[in-house]
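The structure displayed is predicted, hence computed values, not measured ones. The chains referred to below are lettered A, B, ... by the order of the sequence lines, with proteins before strands, and numbering in each begins at 1.
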There are 4 protein chains.
Amino acid sequence: MAGTKFAYVRNFELPDPLLPDTYLVCRLDGHSFHRFSDEHGFAKPNDERALQLMDHAAKSVMIEFKDIMLAFGESDEFSFLFRKSTNLYNRRQSKILTTLTSYFTSCYVLYWSQYFPDTPLRYPPSFDGRIVVYPTERAIRDYFAWRQADTHINNLYNTTFWALIQKGGQTATEAHTTLKGTVSATKHEMLFSRFGINYNEISQRFKKGSVIVREIVAPESSDKGEKLEPPFDPFHQQCSKAKKNKLETTVEVLHCDIIGEEFWLPRRHLLEN
Amino acid sequence: MAGTKFAYVRNFELPDPLLPDTYLVCRLDGHSFHRFSDEHGFAKPNDERALQLMDHAAKSVMIEFKDIMLAFGESDEFSFLFRKSTNLYNRRQSKILTTLTSYFTSCYVLYWSQYFPDTPLRYPPSFDGRIVVYPTERAIRDYFAWRQADTHINNLYNTTFWALIQKGGQTATEAHTTLKGTVSATKHEMLFSRFGINYNEISQRFKKGSVIVREIVAPESSDKGEKLEPPFDPFHQQCSKAKKNKLETTVEVLHCDIIGEEFWLPRRHLLEN
Amino acid sequence: MAGTKFAYVRNFELPDPLLPDTYLVCRLDGHSFHRFSDEHGFAKPNDERALQLMDHAAKSVMIEFKDIMLAFGESDEFSFLFRKSTNLYNRRQSKILTTLTSYFTSCYVLYWSQYFPDTPLRYPPSFDGRIVVYPTERAIRDYFAWRQADTHINNLYNTTFWALIQKGGQTATEAHTTLKGTVSATKHEMLFSRFGINYNEISQRFKKGSVIVREIVAPESSDKGEKLEPPFDPFHQQCSKAKKNKLETTVEVLHCDIIGEEFWLPRRHLLEN
Amino acid sequence: MAGTKFAYVRNFELPDPLLPDTYLVCRLDGHSFHRFSDEHGFAKPNDERALQLMDHAAKSVMIEFKDIMLAFGESDEFSFLFRKSTNLYNRRQSKILTTLTSYFTSCYVLYWSQYFPDTPLRYPPSFDGRIVVYPTERAIRDYFAWRQADTHINNLYNTTFWALIQKGGQTATEAHTTLKGTVSATKHEMLFSRFGINYNEISQRFKKGSVIVREIVAPESSDKGEKLEPPFDPFHQQCSKAKKNKLETTVEVLHCDIIGEEFWLPRRHLLEN
């Protein structure tokens, strides 16, 4: 940018670094996706194609940004976890946040036709995003547990709600009334006794959401996959040779429980540096 | 989002309001567009189609976000000016910044094929963004003057640089050497005497960039166009009737000077509330 | 600070610059001064000595910090206005805020015995502070009007409240009940008819608060007083000679209206650069 | 504050919460204390009285703010560590920072005459302050190690420097030249061979600085001392009964090593919630 007499306006650009050595979670949400899903004929309560498109975009983000260790998605939202030691764009908040949001959006539009070959986009879909800083492993574990618990609660409600409408002939208002105040067991029972739906047999994708995880590839198969930088060491930041010891990684899409210990125990690398 | 025992993690989401009653400028920049333009065969020094696509995306943004009064674009960047009194998303920084960046990106990908019908996207293009807060009219005038002066300087350089290569047979390194230390007049002369190019006759779009302005429609033609809210008055924020007196506006794309007074004098509404 | 292996912890110190070219208002408030005034026998509703001590501390602050143009105080609070162009401590928020708060506190304790020669401090008084950024003259005018209107409302209430107790023999609870819902005129009438107090004759200091203003000294008397730097010019920041043209200023304590135009019209230098 | 038409100016006061569940370190530094120590005749290289006054002020701060677990001071600076779970003033940065800075300053001035009975304050001393957020135990350990290593390095230098001047008859410039490039062992040797000073016998206060620590009082002696709130539990924030189980604490001034493990091992409560 040129050194004109006007260039002093750059002085108004203030720094926005994120606190070092903390986990960063970037969460994206579809903007007005209630309307968007209606306009584009999404199946209810879950549209498999739309969810696969979200996963595709999120996986692309993780392949592009190597410091993202884990992502979790449900419905029209996705959360991305950066490792504590990431120094992406010198941890500048706006830069990280917009680049990631923009890339995800770009993927969503570009890959749309792979999942909706007969449904052209009627208008540009968009997403908003935010970065939340978490200082502890406990908080990260609880963050992802929060999102997955939310997925379960929403999906059980929505599955029953749409069964009442699609199979029970109720209006939306009637269905909400039917469900008001019901606990989880009542909804399970309602699904089974009235509509023959065994909730436990519903797709894991719908019940658990999408877990996209960066896995470390065993050394012997090290000739392909993504590279992961070794742990950050505050005392040896200059050590450029360390960069050559990157571990190979791949990015996998799962639909499993991430609230309990089983997911986390064999994957210490997700939370350690 | 569900009220589970994990929901306390929301406490880590900190507020990020922007200072009230200040101009907001959101500037987007193409991410690694040097490579992107190479991979997609952009004409040098300027690709008319690529610039029109940028304008299309920017104009769409202004139609979507009514509080944007002016935008200026050149090359792979665009700056958007929100009026001082905007209360979009309660002036939450991340929300404004990401929604706008995402929507622009979405338009860019969605409308790509209209401008590059024979060039499919080889990978997802993306943009980064930032919001800068400006407290005064003077700073806003100087901000846009800064960007347009930059456009001029870059375009004159690039036009001569590519003439030396495309018509003069120089390599990139040779062309940079030829241009090193030359002033503006020397480049004009070089273009004219060696390549028969009269810089003054080059497209205004390339020399001035793109100015997208929200114009007020005269009352008699008030049955179409966008609506502009009346000036913000801190003492009468509650006055809901005022909202009904919105002025009609349209969004126009120009390629004119915005450094001098002529652009601004008849358009007081751009900087006043 | 030494370059030990531990020095990396400085990376956690994040920058906190305040937006350039905006007015800064630093407001200090006494911490638990209700108790403090009781413990040190302050006269009610206003203690002349305590207010003079506050003025002394505030005036000292303005003599120390040349970029403060105006201060307004009432009760246990004081607001300080920095000129828009101040570059004190490179506009680092914490540095400006703490240095000013600390200096004010230090003056308050150091000069205490001048105003309370027979009342030793029983414990250390303290103040909290905050900086608020204002982008416009209008907001600054309204800020100081807000504080002075508050002074008037509080003082009329407190004057009547304490007359009811001290002269009317009411308890605090009874006095609050008597005053509940009364408008200004009723309180004036109550003071006059029941206690023979003409509110208009009460000290200006109590009714208007303390206005400490930096006045420009006419050139002929330029051999004393404080120096004011000339207006900030974004295009000539490097011009070191300009610094020699400082205007001489003095700091005056007034008890006058600052809501109307009369105060501000002859003092354009307070709000201009 | 009154609800006048001007009260909208409060909208410019933006929130400034500090990230939850992180350690807060507030560091105060004397403002222009080089001059202050000269003007008030401080002994060189260390003035016992001045250091005791600093300790007195810091200890008072810790008695006032129960969530401060540890403080470390040297020369004219003091660092205070708040426990991770502190919710003091809802973790509002300016409020915590200014209240602490003001209280420390107030103590310094108020207790001055106890340590300098024959030296009246010639002008008001002041301190600046900042809060730094640290996410991990490691960073806190390293922060305090950094400050104590700094104390050691500075004190060895200053002790030798002043010996060269006071006993060796050198000027300040000569002394700096003599010390230029010398390592630690050389300074020890210089002190001993030229001035008969065994550095190891110098006061621990000078070599180690002041460590003020909140110690937990054993239950049987629980009838005096400060109270410490029990660990913060994110899932039981509402549990008001917990507040009654406060542990008793006292505040002790030590001059010991805090870089090694011996200090920290028996004091897990300093870093745990």
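Taking C/L28, C/T101, C/I96 one by one and counting their heavy-atom pairs under 4.5 Å with chain D, the maximum is reached by C/T101. Between chain C and the options D/I131, D/T105, D/I259, heavy-atom pairs under 4.5 Å are most frequent for D/T105.
Ring planes of D/Y143 and D/Y134: tilted class, angle from 30 to 60°. The aromatic rings of C/W112 and C/Y108 sit tilted relative to each other, their planes meeting at an angle between 30° and 60°.
The existence of a salt bridge linking C/D128 and D/K95 is confirmed by a sub-4.0 Å separation between a basic side-chain nitrogen and an acidic carboxylate oxygen. A salt bridge does not link C/R130 to D/D16: none of the charged side-chain nitrogens sits closer than 4.0 Å to a carboxylate oxygen.
Within the 4.5 angstrom heavy-atom criterion, no atom of C/F104 approaches chain D. Neither the backbone nor the side chain of D/L100 comes within contact range of chain C; no heavy atom of the residue lies under 4.5 Å from a heavy atom of that chain. When heavy atoms are compared at a cutoff of 4.5 Å, C/I140 does not approach chain D at all. With a threshold of 4.5 angstrom between heavy atoms, C/Y89 approaches chain D through side-chain atoms but not through N, CA, C or O.
A cation-pi arrangement is present between D/R35 and D/Y123, with the terminal nitrogen or guanidinium carbon under 6.0 Å from the aromatic centre and inside a 45° cone about the axis.
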